[in-house]
Amino acid sequence: MQPFNYLKPSTLTEAAALHRQADEPVYLSGGQTLIPAMQQRLSAPSDLIDLSGIAELSGIQAADGAIRIGAFTRHAQVAESAAVRSAIPALARLAGRIGDAQVRNLGTLGGSLANNDPAADYPAAVLALGATVHTDQRAIAAEDFFQAFFETALDHGEVIRALEFPRPRRAAYRKFPNPASRYAVVGVMVAEFDDGVRVGVTGAGPCAFRAHGLEEALNASLSPDALDRVEIPHEDFNRDLYASAEYRAQLVKVMAMRAVRDLFDP
Amino acid sequence: MAALNKHIHLRVNGVSHALEVPANMLLVELLRQRLRLTGTHVGCDTCQCGACTVHLDGRAVKSCALFAVQADGCRVCTIEGIGGPGGLHPMQEAFRDCHALQCGFCTPGMIMRAIDLVERSDGLDEQAVREGLEGNLCRCTGYHNIIKAVLQGQEAMEADDD
Ligand SMILES: Cc1cc2nc3c(=O)[nH]c(=O)nc-3n(C[C@H](O)[C@H](O)[C@H](O)COP(=O)(O)OP(=O)(O)OC[C@H]3O[C@@H](n4cnc5c(N)ncnc54)[C@H](O)[C@@H]3O)c2cc1C
Ligand code: FES
Ligand code: FES
(Lines give C-alpha, C1' and ligand atoms only; values in the text may rest on other atoms or scores of the structure.)
(Ligands and ions follow the chains in the order given, each with its own letter.)
Protein backbone atom coordinates (compact mmCIF):
# COMPACT_ATOMS: atom_id res chain seq x y z
CA MET A 1 0.00 0.00 0.00
CA GLN A 2 1.28 3.46 -0.79
CA PRO A 3 2.66 5.44 2.16
CA PHE A 4 0.68 8.26 3.78
CA ASN A 5 0.92 10.58 6.74
CA TYR A 6 -1.10 9.37 9.70
CA LEU A 7 -2.60 12.13 11.80
CA LYS A 8 -4.69 11.82 14.93
CA PRO A 9 -6.26 15.14 15.95
CA SER A 10 -8.06 15.46 19.28
CA THR A 11 -10.52 18.20 18.33
CA LEU A 12 -12.74 18.94 15.34
CA THR A 13 -11.03 22.29 14.77
CA GLU A 14 -7.68 20.56 14.59
CA ALA A 15 -9.08 17.91 12.22
CA ALA A 16 -10.43 20.57 9.85
CA ALA A 17 -7.13 22.48 9.93
CA LEU A 18 -5.14 19.33 9.10
CA HIS A 19 -7.55 18.62 6.27
CA ARG A 20 -7.04 22.11 4.81
CA GLN A 21 -3.24 21.81 4.92
CA ALA A 22 -2.93 18.41 3.24
CA ASP A 23 -2.76 17.52 -0.46
CA GLU A 24 -5.20 14.67 -0.69
CA PRO A 25 -6.50 14.08 2.81
CA VAL A 26 -9.12 11.50 3.80
CA TYR A 27 -10.79 11.09 7.19
CA LEU A 28 -10.53 7.65 8.76
CA SER A 29 -13.36 6.46 11.00
CA GLY A 30 -14.02 2.71 11.42
CA GLY A 31 -12.01 1.96 8.27
CA GLN A 32 -14.32 -0.86 7.17
CA THR A 33 -14.95 0.73 3.80
CA LEU A 34 -11.89 2.92 3.45
CA ILE A 35 -9.14 0.41 4.29
CA PRO A 36 -10.36 -2.32 1.88
CA ALA A 37 -10.65 0.46 -0.76
CA MET A 38 -7.04 1.49 -0.09
CA GLN A 39 -5.96 -2.15 -0.31
CA GLN A 40 -7.53 -2.28 -3.76
CA ARG A 41 -5.89 1.03 -4.74
CA LEU A 42 -9.30 2.63 -5.16
CA SER A 43 -8.25 5.30 -2.70
CA ALA A 44 -4.72 6.63 -2.19
CA PRO A 45 -4.75 9.51 0.29
CA SER A 46 -1.64 11.57 1.05
CA ASP A 47 -2.85 12.05 4.62
CA LEU A 48 -5.09 9.88 6.74
CA ILE A 49 -6.82 11.85 9.48
CA ASP A 50 -7.99 9.43 12.16
CA LEU A 51 -11.16 10.68 13.90
CA SER A 52 -10.94 8.17 16.77
CA GLY A 53 -9.27 10.61 19.18
CA ILE A 54 -11.99 13.26 19.01
CA ALA A 55 -14.03 12.88 22.19
CA GLU A 56 -17.04 14.90 21.01
CA LEU A 57 -17.75 12.41 18.20
CA SER A 58 -18.57 9.69 20.73
CA GLY A 59 -21.50 9.09 23.01
CA ILE A 60 -25.23 8.45 22.89
CA GLN A 61 -27.64 10.87 24.59
CA ALA A 62 -31.35 10.33 24.92
CA ALA A 63 -33.48 13.47 25.27
CA ASP A 64 -37.26 13.80 25.43
CA GLY A 65 -38.28 13.41 21.84
CA ALA A 66 -35.01 12.34 20.24
CA ILE A 67 -31.79 10.44 20.59
CA ARG A 68 -28.42 11.86 19.59
CA ILE A 69 -25.67 9.48 18.49
CA GLY A 70 -22.07 10.58 17.95
CA ALA A 71 -20.62 9.97 14.49
CA PHE A 72 -17.83 7.75 15.82
CA THR A 73 -20.28 5.32 17.47
CA ARG A 74 -19.61 1.78 16.23
CA HIS A 75 -22.47 -0.26 14.77
CA ALA A 76 -22.14 -2.76 17.65
CA GLN A 77 -22.44 0.05 20.21
CA VAL A 78 -25.68 1.28 18.62
CA ALA A 79 -27.01 -2.29 18.53
CA GLU A 80 -26.16 -2.88 22.20
CA SER A 81 -27.09 0.56 23.58
CA ALA A 82 -29.85 0.35 26.20
CA ALA A 83 -30.84 3.94 25.35
CA VAL A 84 -31.27 3.22 21.63
CA ARG A 85 -33.03 -0.08 22.28
CA SER A 86 -35.58 1.60 24.47
CA ALA A 87 -36.08 4.78 22.40
CA ILE A 88 -35.96 3.34 18.85
CA PRO A 89 -35.63 -0.46 18.96
CA ALA A 90 -35.83 -0.69 15.15
CA LEU A 91 -32.66 1.39 14.86
CA ALA A 92 -30.75 -0.85 17.27
CA ARG A 93 -31.94 -3.90 15.34
CA LEU A 94 -30.89 -2.35 12.03
CA ALA A 95 -27.39 -1.67 13.39
CA GLY A 96 -27.17 -5.24 14.69
CA ARG A 97 -27.71 -6.61 11.18
CA ILE A 98 -25.12 -4.54 9.32
CA GLY A 99 -22.51 -6.77 7.67
CA ASP A 100 -20.99 -9.19 10.18
CA ALA A 101 -19.89 -8.98 13.80
CA GLN A 102 -16.30 -8.03 13.01
CA VAL A 103 -17.45 -5.19 10.72
CA ARG A 104 -19.93 -4.00 13.38
CA ASN A 105 -17.16 -3.92 15.99
CA LEU A 106 -15.24 -1.29 13.98
CA GLY A 107 -17.61 0.37 11.48
CA THR A 108 -19.22 3.64 12.57
CA LEU A 109 -22.45 5.56 11.99
CA GLY A 110 -20.68 8.64 10.61
CA GLY A 111 -18.52 6.60 8.26
CA SER A 112 -21.50 4.78 6.85
CA LEU A 113 -23.42 8.01 6.18
CA ALA A 114 -20.47 9.93 4.74
CA ASN A 115 -19.79 7.02 2.42
CA ASN A 116 -23.44 6.85 1.23
CA ASP A 117 -23.20 3.40 -0.33
CA PRO A 118 -26.48 2.83 -2.22
CA ALA A 119 -26.87 -0.48 -0.36
CA ALA A 120 -26.04 0.75 3.17
CA ASP A 121 -28.62 0.28 5.91
CA TYR A 122 -28.45 3.48 7.99
CA PRO A 123 -29.64 5.84 5.21
CA ALA A 124 -33.09 4.16 5.25
CA ALA A 125 -33.37 4.96 8.97
CA VAL A 126 -32.08 8.52 8.62
CA LEU A 127 -34.79 9.24 6.02
CA ALA A 128 -37.66 7.34 7.66
CA LEU A 129 -36.98 8.87 11.06
CA GLY A 130 -36.34 12.36 9.66
CA ALA A 131 -32.98 12.58 11.39
CA THR A 132 -30.75 15.64 11.36
CA VAL A 133 -27.10 15.32 10.36
CA HIS A 134 -25.01 17.62 12.55
CA THR A 135 -21.61 18.50 11.11
CA ASP A 136 -18.77 20.70 12.35
CA GLN A 137 -20.38 23.50 10.34
CA ARG A 138 -24.16 23.12 10.21
CA ALA A 139 -27.25 20.96 10.57
CA ILE A 140 -28.45 19.12 7.45
CA ALA A 141 -31.95 17.66 7.08
CA ALA A 142 -32.17 14.00 6.06
CA GLU A 143 -33.88 14.88 2.75
CA ASP A 144 -31.00 17.15 1.75
CA PHE A 145 -28.17 14.88 2.82
CA PHE A 146 -28.20 11.95 0.37
CA GLN A 147 -27.72 13.48 -3.05
CA ALA A 148 -26.63 10.86 -5.56
CA PHE A 149 -24.65 7.64 -6.01
CA PHE A 150 -21.97 7.81 -3.23
CA GLU A 151 -22.59 11.57 -3.01
CA THR A 152 -23.73 13.56 0.01
CA ALA A 153 -24.29 17.22 0.89
CA LEU A 154 -20.97 17.27 2.81
CA ASP A 155 -18.50 19.89 1.60
CA HIS A 156 -14.82 19.09 1.15
CA GLY A 157 -13.38 18.66 4.64
CA GLU A 158 -16.71 18.83 6.47
CA VAL A 159 -17.02 16.32 9.32
CA ILE A 160 -20.19 14.62 10.54
CA ARG A 161 -20.36 15.19 14.27
CA ALA A 162 -23.58 13.45 15.33
CA LEU A 163 -26.99 12.25 14.19
CA GLU A 164 -30.18 13.29 15.91
CA PHE A 165 -33.02 10.79 15.46
CA PRO A 166 -36.53 11.91 16.46
CA ARG A 167 -38.31 9.21 18.40
CA PRO A 168 -41.24 7.75 16.44
CA ARG A 169 -44.38 6.16 17.92
CA ARG A 170 -43.09 2.98 16.40
CA ALA A 171 -40.85 1.90 13.55
CA ALA A 172 -39.66 -1.25 11.82
CA TYR A 173 -36.91 -2.11 9.33
CA ARG A 174 -36.84 -5.02 6.93
CA LYS A 175 -34.03 -5.83 4.55
CA PHE A 176 -33.43 -8.41 1.90
CA PRO A 177 -29.70 -8.94 2.42
CA ASN A 178 -27.22 -9.92 -0.22
CA PRO A 179 -26.35 -13.39 1.07
CA ALA A 180 -22.61 -12.83 0.68
CA SER A 181 -22.01 -9.28 1.91
CA ARG A 182 -25.21 -8.72 3.97
CA TYR A 183 -25.58 -5.29 2.31
CA ALA A 184 -29.20 -4.49 1.45
CA VAL A 185 -30.39 -5.59 -1.99
CA VAL A 186 -33.39 -3.64 -0.72
CA GLY A 187 -34.09 -2.33 2.78
CA VAL A 188 -37.17 -0.43 3.94
CA MET A 189 -37.85 1.40 7.19
CA VAL A 190 -41.41 2.42 8.04
CA ALA A 191 -41.83 4.90 10.90
CA GLU A 192 -45.07 6.18 12.37
CA PHE A 193 -45.10 9.65 13.98
CA ASP A 194 -47.97 11.64 15.46
CA ASP A 195 -48.21 13.58 12.21
CA GLY A 196 -47.95 10.68 9.77
CA VAL A 197 -45.92 7.82 8.35
CA ARG A 198 -42.50 8.10 6.70
CA VAL A 199 -40.86 5.41 4.58
CA GLY A 200 -37.11 5.26 3.82
CA VAL A 201 -35.81 2.93 1.11
CA THR A 202 -32.22 1.83 0.55
CA GLY A 203 -30.58 -0.57 -1.91
CA ALA A 204 -33.10 0.08 -4.67
CA GLY A 205 -31.87 3.28 -6.29
CA PRO A 206 -28.59 5.18 -6.77
CA CYS A 207 -29.01 6.43 -3.19
CA ALA A 208 -31.57 6.09 -0.43
CA PHE A 209 -34.88 7.93 -0.85
CA ARG A 210 -38.29 8.49 0.74
CA ALA A 211 -41.06 6.49 -0.91
CA HIS A 212 -43.83 9.09 -1.10
CA GLY A 213 -46.28 6.73 -2.85
CA LEU A 214 -46.00 4.22 -0.02
CA GLU A 215 -46.28 6.99 2.58
CA GLU A 216 -49.53 8.27 1.03
CA ALA A 217 -51.05 4.81 1.01
CA LEU A 218 -50.01 4.17 4.62
CA ASN A 219 -51.27 7.55 5.78
CA ALA A 220 -54.67 6.60 4.32
CA SER A 221 -54.59 3.19 6.00
CA LEU A 222 -51.74 1.80 8.07
CA SER A 223 -51.89 -1.82 6.98
CA PRO A 224 -49.90 -4.15 4.71
CA ASP A 225 -52.88 -4.51 2.35
CA ALA A 226 -52.86 -0.77 1.72
CA LEU A 227 -49.63 -1.25 -0.25
CA ASP A 228 -51.00 -3.91 -2.56
CA ARG A 229 -51.90 -1.58 -5.41
CA VAL A 230 -49.15 1.00 -5.05
CA GLU A 231 -46.94 1.34 -8.12
CA ILE A 232 -43.22 1.61 -7.40
CA PRO A 233 -41.57 3.71 -10.14
CA HIS A 234 -38.31 1.97 -11.00
CA GLU A 235 -36.84 3.62 -14.13
CA ASP A 236 -33.69 4.68 -12.29
CA PHE A 237 -33.43 1.63 -9.99
CA ASN A 238 -30.19 -0.35 -9.76
CA ARG A 239 -29.81 -3.41 -11.93
CA ASP A 240 -26.92 -5.78 -11.31
CA LEU A 241 -26.19 -9.47 -11.18
CA TYR A 242 -28.20 -9.81 -7.97
CA ALA A 243 -31.47 -8.21 -9.02
CA SER A 244 -33.17 -6.44 -11.91
CA ALA A 245 -34.86 -3.06 -11.41
CA GLU A 246 -38.28 -4.74 -11.63
CA TYR A 247 -37.34 -7.28 -8.97
CA ARG A 248 -36.04 -4.51 -6.70
CA ALA A 249 -39.35 -2.66 -7.11
CA GLN A 250 -41.19 -5.79 -6.04
CA LEU A 251 -38.83 -6.18 -3.07
CA VAL A 252 -39.51 -2.58 -1.98
CA LYS A 253 -43.19 -3.39 -1.75
CA VAL A 254 -42.71 -6.73 0.00
CA MET A 255 -40.16 -5.39 2.52
CA ALA A 256 -42.49 -2.43 3.23
CA MET A 257 -45.43 -4.79 3.82
CA ARG A 258 -43.37 -6.89 6.19
CA ALA A 259 -42.16 -3.81 8.04
CA VAL A 260 -45.75 -2.61 8.44
CA ARG A 261 -46.70 -6.01 9.81
CA ASP A 262 -43.78 -5.74 12.27
CA LEU A 263 -45.17 -2.41 13.54
CA PHE A 264 -48.12 -4.29 14.98
CA ASP A 265 -46.22 -7.39 16.03
CA PRO A 266 -42.64 -6.38 16.85
CA MET B 1 4.53 16.49 13.05
CA ALA B 2 3.26 14.18 10.36
CA ALA B 3 5.41 11.13 9.91
CA LEU B 4 5.40 8.01 7.81
CA ASN B 5 6.61 6.03 10.83
CA LYS B 6 4.86 5.96 14.18
CA HIS B 7 5.74 4.72 17.65
CA ILE B 8 3.10 2.51 19.18
CA HIS B 9 2.62 0.51 22.37
CA LEU B 10 0.41 -2.51 22.45
CA ARG B 11 -0.04 -5.73 24.42
CA VAL B 12 -0.14 -8.85 22.30
CA ASN B 13 -1.12 -12.08 24.05
CA GLY B 14 -0.17 -10.54 27.37
CA VAL B 15 3.26 -9.27 26.26
CA SER B 16 3.92 -5.51 25.99
CA HIS B 17 5.58 -4.22 22.83
CA ALA B 18 6.94 -0.77 22.02
CA LEU B 19 7.41 -0.63 18.26
CA GLU B 20 8.09 1.76 15.43
CA VAL B 21 5.86 0.92 12.49
CA PRO B 22 5.14 2.42 9.08
CA ALA B 23 1.75 4.16 9.18
CA ASN B 24 0.52 2.02 6.29
CA MET B 25 1.29 -1.29 8.04
CA LEU B 26 -1.84 -3.33 8.68
CA LEU B 27 -2.28 -4.96 12.07
CA VAL B 28 -2.15 -8.39 10.42
CA GLU B 29 1.20 -7.50 8.83
CA LEU B 30 2.57 -6.43 12.20
CA LEU B 31 1.42 -9.68 13.79
CA ARG B 32 2.69 -11.99 11.06
CA GLN B 33 5.79 -10.25 9.75
CA ARG B 34 7.13 -8.35 12.74
CA LEU B 35 6.01 -10.51 15.66
CA ARG B 36 6.08 -13.80 13.68
CA LEU B 37 2.63 -14.74 14.96
CA THR B 38 1.72 -16.56 11.77
CA GLY B 39 -1.34 -18.32 13.18
CA THR B 40 -3.42 -15.35 12.03
CA HIS B 41 -4.08 -15.93 8.32
CA VAL B 42 -4.75 -13.67 5.34
CA GLY B 43 -7.40 -15.10 3.05
CA CYS B 44 -8.65 -12.13 1.06
CA ASP B 45 -6.92 -8.99 2.28
CA THR B 46 -10.11 -6.97 1.79
CA CYS B 47 -12.26 -7.61 4.86
CA GLN B 48 -14.40 -10.38 3.36
CA CYS B 49 -13.30 -13.75 4.71
CA GLY B 50 -12.55 -13.44 8.44
CA ALA B 51 -9.36 -15.59 8.34
CA CYS B 52 -7.45 -12.70 9.94
CA THR B 53 -9.84 -12.33 12.92
CA VAL B 54 -8.18 -11.42 16.23
CA HIS B 55 -9.47 -9.85 19.44
CA LEU B 56 -8.90 -6.12 19.88
CA ASP B 57 -9.66 -5.12 23.47
CA GLY B 58 -11.71 -8.29 23.73
CA ARG B 59 -13.76 -7.93 20.54
CA ALA B 60 -13.39 -9.83 17.27
CA VAL B 61 -12.10 -7.66 14.41
CA LYS B 62 -10.55 -8.35 11.02
CA SER B 63 -6.89 -7.45 11.36
CA CYS B 64 -6.54 -6.82 7.60
CA ALA B 65 -8.94 -3.89 7.86
CA LEU B 66 -7.14 -2.05 10.64
CA PHE B 67 -3.80 -0.25 10.61
CA ALA B 68 -1.33 -1.19 13.34
CA VAL B 69 -1.27 2.47 14.46
CA GLN B 70 -4.98 2.24 15.22
CA ALA B 71 -4.21 -0.49 17.76
CA ASP B 72 -1.91 1.84 19.71
CA GLY B 73 -2.67 1.42 23.41
CA CYS B 74 -4.85 -1.66 22.83
CA ARG B 75 -4.79 -5.31 23.89
CA VAL B 76 -4.57 -7.77 21.02
CA CYS B 77 -5.17 -11.50 21.36
CA THR B 78 -4.37 -13.96 18.58
CA ILE B 79 -4.88 -17.71 18.18
CA GLU B 80 -1.43 -18.22 19.78
CA GLY B 81 -2.70 -16.42 22.88
CA ILE B 82 -5.64 -18.66 23.64
CA GLY B 83 -3.99 -22.08 23.76
CA GLY B 84 -1.41 -24.30 22.12
CA PRO B 85 -0.07 -27.83 21.94
CA GLY B 86 -0.45 -29.43 25.35
CA GLY B 87 -3.01 -26.88 26.47
CA LEU B 88 -5.70 -26.34 23.89
CA HIS B 89 -8.53 -23.90 24.55
CA PRO B 90 -11.88 -25.73 24.88
CA MET B 91 -12.96 -24.22 21.55
CA GLN B 92 -9.81 -25.52 19.83
CA GLU B 93 -10.41 -28.91 21.43
CA ALA B 94 -14.01 -28.91 20.14
CA PHE B 95 -12.85 -28.10 16.59
CA ARG B 96 -10.43 -31.03 16.73
CA ASP B 97 -13.00 -33.32 18.22
CA CYS B 98 -15.74 -32.47 15.71
CA HIS B 99 -13.57 -32.57 12.57
CA ALA B 100 -14.36 -28.89 12.07
CA LEU B 101 -11.42 -28.29 9.76
CA GLN B 102 -9.97 -29.70 6.58
CA CYS B 103 -7.22 -27.48 5.17
CA GLY B 104 -7.32 -25.39 8.36
CA PHE B 105 -6.88 -22.05 6.66
CA CYS B 106 -10.05 -20.51 8.07
CA THR B 107 -9.69 -22.18 11.48
CA PRO B 108 -7.79 -19.56 13.54
CA GLY B 109 -10.25 -16.86 12.48
CA MET B 110 -13.23 -19.16 13.06
CA ILE B 111 -12.01 -20.00 16.55
CA MET B 112 -11.29 -16.39 17.53
CA ARG B 113 -14.74 -15.32 16.34
CA ALA B 114 -16.39 -18.34 17.98
CA ILE B 115 -14.83 -17.53 21.36
CA ASP B 116 -15.95 -13.89 21.11
CA LEU B 117 -19.45 -15.03 20.10
CA VAL B 118 -19.81 -17.46 23.00
CA GLU B 119 -18.41 -15.00 25.53
CA ARG B 120 -20.92 -12.35 24.45
CA SER B 121 -24.09 -14.42 24.46
CA ASP B 122 -25.71 -17.17 26.43
CA GLY B 123 -27.29 -20.36 25.24
CA LEU B 124 -26.60 -19.98 21.52
CA ASP B 125 -28.58 -22.37 19.35
CA GLU B 126 -27.61 -23.59 15.89
CA GLN B 127 -29.25 -20.67 14.08
CA ALA B 128 -27.54 -18.11 16.33
CA VAL B 129 -24.17 -19.75 15.70
CA ARG B 130 -24.72 -19.70 11.93
CA GLU B 131 -25.62 -16.02 12.05
CA GLY B 132 -22.77 -15.27 14.43
CA LEU B 133 -20.24 -16.71 12.00
CA GLU B 134 -21.46 -14.66 9.02
CA GLY B 135 -18.12 -12.87 8.78
CA ASN B 136 -16.06 -16.06 8.46
CA LEU B 137 -15.84 -18.05 5.24
CA CYS B 138 -14.72 -21.65 4.87
CA ARG B 139 -14.09 -23.20 1.47
CA CYS B 140 -13.73 -26.79 2.65
CA THR B 141 -16.05 -28.02 5.34
CA GLY B 142 -19.54 -26.92 4.33
CA TYR B 143 -19.83 -25.45 7.84
CA HIS B 144 -21.83 -28.27 9.49
CA ASN B 145 -18.98 -29.52 11.62
CA ILE B 146 -17.90 -25.98 12.44
CA ILE B 147 -21.37 -25.25 13.83
CA LYS B 148 -21.28 -28.51 15.78
CA ALA B 149 -17.87 -27.60 17.18
CA VAL B 150 -18.94 -24.13 18.28
CA LEU B 151 -21.95 -25.57 20.11
CA GLN B 152 -19.74 -28.18 21.78
CA GLY B 153 -17.10 -25.53 22.54
CA GLN B 154 -19.80 -23.37 24.09
CA GLU B 155 -20.76 -26.18 26.45
CA ALA B 156 -17.14 -26.80 27.39
CA MET B 157 -16.49 -23.08 27.98
CA GLU B 158 -19.56 -22.80 30.18
CA ALA B 159 -18.53 -25.92 32.13
CA ASP B 160 -15.07 -24.35 32.62
CA ASP B 161 -16.68 -21.21 34.06
CA ASP B 162 -18.59 -23.17 36.73
C1 LIG C 1 -17.77 -7.37 4.69
C2 LIG C 1 -18.50 -6.08 4.83
C3 LIG C 1 -19.89 -6.09 4.91
C4 LIG C 1 -20.60 -4.91 5.07
N5 LIG C 1 -21.96 -4.97 5.12
C6 LIG C 1 -22.68 -3.85 5.30
C7 LIG C 1 -24.10 -3.89 5.41
O8 LIG C 1 -24.74 -4.95 5.39
N9 LIG C 1 -24.77 -2.72 5.56
C10 LIG C 1 -24.12 -1.51 5.63
O11 LIG C 1 -24.77 -0.49 5.79
N12 LIG C 1 -22.78 -1.44 5.56
C13 LIG C 1 -22.04 -2.58 5.39
N14 LIG C 1 -20.66 -2.49 5.33
C15 LIG C 1 -20.02 -1.17 5.43
C16 LIG C 1 -19.73 -0.82 6.88
O17 LIG C 1 -20.93 -0.53 7.55
C18 LIG C 1 -18.76 0.36 7.04
O19 LIG C 1 -18.39 0.37 8.39
C20 LIG C 1 -19.31 1.72 6.70
O21 LIG C 1 -19.84 1.81 5.42
C22 LIG C 1 -18.21 2.77 6.74
O23 LIG C 1 -18.04 3.17 8.04
P24 LIG C 1 -16.57 3.28 8.66
O25 LIG C 1 -16.74 3.85 10.01
O26 LIG C 1 -15.93 1.97 8.57
O27 LIG C 1 -15.93 4.40 7.74
P28 LIG C 1 -14.53 4.51 7.00
O29 LIG C 1 -14.29 3.33 6.15
O30 LIG C 1 -13.48 4.89 7.97
O31 LIG C 1 -14.83 5.80 6.10
C32 LIG C 1 -15.73 5.75 5.00
C33 LIG C 1 -15.76 7.12 4.32
O34 LIG C 1 -16.44 8.09 5.13
C35 LIG C 1 -15.59 9.20 5.42
N36 LIG C 1 -15.88 9.57 6.81
C37 LIG C 1 -15.84 8.73 7.88
N38 LIG C 1 -16.28 9.32 9.00
C39 LIG C 1 -16.63 10.59 8.64
C40 LIG C 1 -17.17 11.70 9.36
N41 LIG C 1 -17.46 11.63 10.67
N42 LIG C 1 -17.37 12.85 8.67
C43 LIG C 1 -17.10 12.93 7.35
N44 LIG C 1 -16.61 11.92 6.62
C45 LIG C 1 -16.36 10.76 7.25
C46 LIG C 1 -14.19 8.70 5.20
O47 LIG C 1 -13.33 9.76 4.85
C48 LIG C 1 -14.39 7.71 4.07
O49 LIG C 1 -14.42 8.38 2.85
C50 LIG C 1 -19.93 -3.66 5.16
C51 LIG C 1 -18.52 -3.64 5.11
C52 LIG C 1 -17.81 -4.82 4.94
C53 LIG C 1 -16.34 -4.78 4.89
S1 FES D 1 -7.90 -11.59 5.27
FE2 FES D 1 -8.95 -10.23 6.56
S3 FES D 1 -10.99 -10.67 6.12
FE4 FES D 1 -9.94 -11.92 4.69
S1 FES E 1 -11.03 -25.76 6.52
FE2 FES E 1 -10.27 -25.08 4.62
S3 FES E 1 -11.11 -23.10 4.50
FE4 FES E 1 -12.07 -23.87 6.24
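- The candidate from B:Arg120, B:Glu131, B:Lys62 with the greatest count of non-hydrogen atom pairs under 4.5 Å with chain A is B:Lys62.
- Ranked by heavy-atom pairs under 4.5 Å with chain B, the first of A:Val103, A:Asn105, A:Asp100 is A:Asn105.
- The candidate with the highest count of non-hydrogen atom pairs below 4.5 Å against chain B, out of A:Arg104, A:Arg182, A:Glu80, A:Gln2, is A:Arg182.
- Between A:Lys175 and A:Asp121, at least one side-chain N (NZ, or NE/NH1/NH2) sits under 4.0 Å from a carboxylate O, which counts as a salt bridge.
- Taken from CE in B:Met91 to CE in B:Met112, the straight-line distance is 11.0 Å, to the nearest 0.5 Å.
- Heavy-atom distances place no part of B:Leu133 under 4.5 Å from chain A, backbone and side chain included.
- There is no contact between A:Leu34 and chain B, counting heavy-atom distances below 4.5 Å.
- Listed for the A:Thr11 side chain is a donor-acceptor partner under 3.5 Å among the backbone atoms of A:Glu14.
- Counting heavy atoms from C-beta outward, A:Leu28 and A:Leu51 have side chains that stay 4.5 Å or more apart.
- Ring centroid separation for the pair A:Phe4 and B:Phe67 comes in under the 6.0 Å cut-off.
- A:Asp240 and A:Arg248 are joined by a salt bridge, as a carboxylate oxygen and a charged side-chain nitrogen come within less than 4.0 angstrom of each other.
- Within the 4.5 angstrom heavy-atom criterion, no atom of B:Gln48 approaches chain A.
- Using a 4.5 Å cut-off between heavy atoms, A:Ala22 does not touch chain B at all.
- Taking A:Ala101, A:Gly99, A:Gly31 one by one and counting their heavy-atom pairs under 4.5 Å with chain B, the maximum is reached by A:Ala101.
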